[in-house]
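Heads up, the thing below is written out as C-alpha cells.
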Amino acid sequence: MTRIRHNDYGPLDPPAIGAWAPSLTVSVVIPAHDCLPDLERTLAVLAAQTYPAELVEVIVADDGSDPPIELPGVRVVRVGRGWGRGAARQAGLDAAAGDVVHWLDADMLLEPDHLEAHLRWHHLLNYAVVIGDTRFAVEEGEVRPEYTRKTLESTDLLKQAGATAYLLHTGASTSARAHLLRAAGGVDVSLNMAEDTELGYRLAQAGAVFIPDPQARAVHAGPSTVMRREGDVHRHNWSFLGDLVPDLRWLRNHPRRRWLVPYVQVVIEVPPTPGAYEQTRAAADSALAGTLTDAAVTLVGPWSKLTDERRASLDEPLLDLRLLRNLYAHEPRVTFAESAPASAAPAPFLLTLPSGWVLGADTLAKLVRQAERGTLGLVSAALTEQEAGVLAARLERTAAYARAALVEAPTDDLVDELFGALWVSGSEYDFAPADEAEPLAGDPAKWRALAAERQEEIKSLRAEVERLTAELDGARKPPAKGLGSLMRHLRSTG
C-alpha cells in the first residue's frame, strides 16, 4: 500500500485518460429537490461518460420533491430520515453498492471523462478523496471560487496543505471509497448546509488524502449560494460548525463555552492501587483547568463492577472507583469507559496521561502547538524512568493513527514515517507528579496569572525558534533531542 506523508500525494502517478483499464464500481449519488429539468440534463451527460457504463450506477436521492421524481431507467431512493442535503446524501450512501461513491449536484455539466479522471486515483489509493475542478457559470463566464483558487495556488494543489486540506471538500463533485465514508460515520443527516465541510473534516480524521484533479472538469449551472450570499451563508453555518469542527479555532473564541466535539480527548486509566482516587482526580482536574478549554476527559476503569447492593460504604474494595464516579457523575466533560478508546475521533487529538501526573496551566496548549508546528502524528513527553522503561504522556493525532491503520497495523514508527514523531521533556512542558504540583483550588486568578506568564515565555521562545529557523534556511527541525538526551536531562533535573 502506498504511503502518503501528510497530504503530499505527489508520489502517485495516475494513468493518462483513456490509457488504462478500470475495475472499480462507482455509485454516483445525486441529491435532488424540485429540480427535474437540471437533473435530466445532468443525467444526460452522465450517460455519455468514458468510464465503463457497466461499472456505474446512478442513484437519485429524492429529497421531498413535489411531485416525487420518477425517471425511467434511473434508480430513485426517497429520503426517509430528515430533509436537506445531508439527509439526501446519506440516503444515497445507504443505497450505494459501488466501491466508490461519487457525490454530484443535480445541476452539473460534466466533461465526458469526468468520472474517469476521478476513478483513476481510487485505483491507486484506497483512502483518497478526489475533488473535481468545478467552475460556476456566471455572467462573466466560468469562474472558480476565489478561496479555492488561492488555496490551490498557495498549497501546490493541496500537497502542502497539511491538516487543512479537507476545507476544499465540497459536495458538488467529490468522490471517496465507500468503506472510508462509512468508517468516518457517513453524512450528518441533521445538516442541510455545510454537511460537506463537516464530512470532509471527519474524513480527514479517518486518514483520508485529499486530491484535487484539474482534469475532473465540471460546470455548475449558475453561481453557488456562497457566491451569491456569502455573509448569510457564514452566519448560518458558523452557528453550528464550531461545535462539530474543533479545527476551526476562530469559532471557539468564547473563554467558557463547552463544545460538542473536544479539541483534545484526555484518557486517564484508573490504577488498581490505594490512592487511585486522589491520583486520578489530580490528573483529571488539571486537564479540565488548563488554558486549552475545549478538552474532555475519559476515565478508564471497571465501572460495570460498581453495583447498588448493600455495601460497607467506607471499606468496599472498589471505593476509589466509586468515589471517582461520584465526583464526575455530573461533569459533562468527563466520560467513563471500560477500556481505552482506540481513537479519539472525531476529536483531532488524544492525550494519554498517566494517573498521578498533572498538567500545567498551558501544557495541553503547548503540546498541541508543538504537534501543529510540523503536523506531527505523535508527541511523547518523557516523565520519568521506570524498571519497565520510560513513563510517558502521549499526544496522538487522530488522523495520523487512522492513516497508519489504512496502510498496515499502526505503529509509532509508521506514524513517524507518515506524519512525524517527537520526544520532548515532560518537565519542559510543565508535567509534574501530583504530590509535587501546586493545588488548583482556591485561587483561579493565580492560575490565570500563571497562564499569562507562560504565554509571555512562549512569545520569547517563539522568537528564538524563528531566529534559529532562519539560520537553517527554512528547514523545520523539531526543537527537541533524542530520547537518550531526554533521559539524561530528566536525571539531571531530578
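The structure displayed is predicted, hence computed values, not measured ones. Position 1 is the first residue of the sequence; numbering continues from there.
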**OP:** Give the C-alpha distance, both sets of side-chain angles, the deciding distance and a yes or no for side chain to side chain contact (heavy atoms under 4.5 Å, CB included) between D133 and R144.
**Re:** CA-CA 8 Å; D133 185 7; R144 175 189 283 161; 3.0 Å; yes
Subject >> Test log, rule salt bridge (charged side-chain N to carboxylate O under 4.0 Å, His left out), inputs E417 and R5 >> reply: CA-CA 7 Å; E417 179 183 344; R5 184 172 175 86; over 6 Å; no
**OP:** Please test R397 against E372 for salt bridge (charged side-chain N to carboxylate O under 4.0 Å, His left out), starting from the C-alpha separation and ending with a verdict.
**Re:** CA-CA 10 Å; R397 183 182 294 272; E372 292 288 47; 2.8 Å; yes
**OP:** Would you check, one step at a time, whether the test salt bridge (charged side-chain N to carboxylate O under 4.0 Å, His left out) holds for R149 with E146?
**Re:** CA-CA 5 Å; R149 183 188 67 78; E146 188 67 7; 2.3 Å; yes
**OP:** Let me see the working for F349 and L367 under side chain to side chain contact (heavy atoms under 4.5 Å, CB included), right down to the final yes or no.
**Re:** CA-CA 10 Å; F349 291 102; L367 283 172; over 6 Å; no
**OP:** Evaluate the criterion side chain to side chain contact (heavy atoms under 4.5 Å, CB included) for residue pair T2 and L12; output intermediate values, then yes/no.
**Re:** CA-CA 8 Å; T2 304; L12 299 177; 3.7 Å; yes
Original post:
Can you check side chain to side chain contact (heavy atoms under 4.5 Å, CB included) on F210 and Y9, steps first, answer last?
Top reply: CA-CA 8 Å; F210 294 83; Y9 58 90; over 6 Å; no
Subject >> salt bridge (charged side-chain N to carboxylate O under 4.0 Å, His left out) evaluation trace for R89 with D196 >> reply: CA-CA 10 Å; R89 294 194 197 285; D196 42 10; 5.3 Å; no
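For the residue pair T298/T335, the side-chain donor-acceptor check at 3.5 Å is satisfied. For the residue pair N326/Y277, the side-chain donor-acceptor check at 3.5 Å is not satisfied. Of the N and O atoms on the side chains of H169 and T197, not one donor lies less than 3.5 Å from an acceptor on the other residue. Between the side chains of S355 and T280, at least one donor N or O sits under 3.5 Å from an acceptor N or O. Looking only at atom types and distance, the side chain of Q205 has no donor-acceptor partner in the side chain of R403 under 3.5 Å away. Between the side chains of D188 and S190, at least one donor-acceptor pair of N or O atoms lies under 3.5 Å.
The backbone N or O of L248 lies less than 3.5 Å from no partner atom in the side chain of Y201, so there is not a single donor-acceptor pair. At distances below 3.5 Å, not a single donor-acceptor pair connects side-chain atoms of K366 with backbone N or O atoms of G360. Between the side chain of T398 and the backbone N or O of P348 there is at least one donor-acceptor pair closer than 3.5 Å. With hydrogens and angles ignored, the 3.5 Å screen pairs a side-chain donor or acceptor of R322 with a backbone N or O of T307. Listed for the T174 side chain is no donor-acceptor partner under 3.5 Å among the backbone atoms of G171. At distances below 3.5 Å, not a single donor-acceptor pair connects side-chain atoms of Q386 with backbone N or O atoms of A388. When atom types are taken as modelled, the side chain of R394 and the backbone of S380 share no donor-acceptor pair closer than 3.5 angstrom. No donor-acceptor pair under 3.5 Å is formed between the side chain of S175 and the backbone N or O of H102. In this structure, H6 contributes its side chain and T375 its backbone to a donor-acceptor pair below 3.5 Å. Looking only at distances, a side-chain donor or acceptor of H254 sits under 3.5 Å from a matching main-chain atom of R256.
When side chains are defined from C-beta on, L251 does not count as touching V245, because their heavy atoms never get closer than 4.5 Å. At a threshold of 4.5 Å between non-hydrogen side-chain atoms, the residues F431 and L353 count as touching. Taking the side chain as every heavy atom from C-beta outward, Y166 and L203 never approach each other to under 4.5 Å. Residues H123 and W20 are in side-chain contact: their nearest non-hydrogen atoms beyond the backbone lie under 4.5 Å apart. Two residues are said to be in side-chain contact when any heavy atoms from C-beta on lie closer than 4.5 Å; Q370 and L422 meet this criterion. Proximity of V368 to V264: side-chain heavy atoms (C-beta onward) are separated by under 4.5 Å at one or more points. Proximity of L306 to R325: side-chain heavy atoms (C-beta onward) are separated by under 4.5 Å at one or more points. With contacts defined as side-chain heavy-atom distances shorter than 4.5 Å, the pair D430/L359 does not qualify.
Partners of K305 according to the side-chain contact (heavy atoms from CB on, under 4.5 Å) rule, which considers only residues two or more places apart in sequence or in another chain, are P302, L318. With sequence neighbours left out, H236 forms a ring-ring contact (aromatic ring centres under 6.0 Å, His included) with F240.
If you take CD on Q90 and CG on L181, they are separated by 9.0 Å, rounding to the nearest 0.5 Å. Taken from CZ in R85 to CG in L191, the straight-line distance is 10.0 Å, to the nearest 0.5 Å. To the nearest 0.5 Å, atom CG of residue L167 and atom CG of residue L158 are 9.5 Å apart. To the nearest 0.5 Å, atom CG of residue L414 and atom CD of residue E408 are 5.0 Å apart. In this structure, the separation between CG on L351 and CD on Q265 is 10.0 Å, given to the nearest 0.5 Å. One distance of note links CG of D285 with CG of L327; it measures 6.5 Å at 0.5 Å rounding.
What you find for L124 and P15 is that their closest heavy atoms are CD1-CD, 4.5 Å. The two residues A282 and A434 come nearest to each other via the heavy atoms CB-CB, 3.7 Å. Shown here for H118 and A216, the closest heavy-atom pair between the two residues is CD2-CB, 3.5 Å.
The pair D294-R257 does not meet the salt-bridge criterion, since no charged nitrogen lies less than 4.0 angstrom from a carboxylate oxygen. Using a 4.0 Å cut-off between charged side-chain N and carboxylate O, R369 and D362 make a salt bridge. Ion pairing of R177 with D99 is absent here, as no side-chain N (NZ or NE/NH1/NH2) approaches a carboxylate O to less than 4.0 Å.
Other residues, nucleotides and ligands contribute only 12 or fewer heavy atoms inside 6.0 Å of the CZ atom of R229.
Screening V100, V101, N126 for a side chain to side chain contact (heavy atoms under 4.5 Å, CB included) with H179, the sole residue that qualifies is N126.
Centroid-to-centroid, the aromatic rings of F336 and W303 come within less than 6.0 Å.
Judged by a 6.0 Å distance limit and a 45° cone about the ring axis, R249 is positioned over the six-membered ring of Y263. A cation-pi contact, defined as under 6.0 Å to the ring centre and within 45° of the axis, is absent between R235 and W238.
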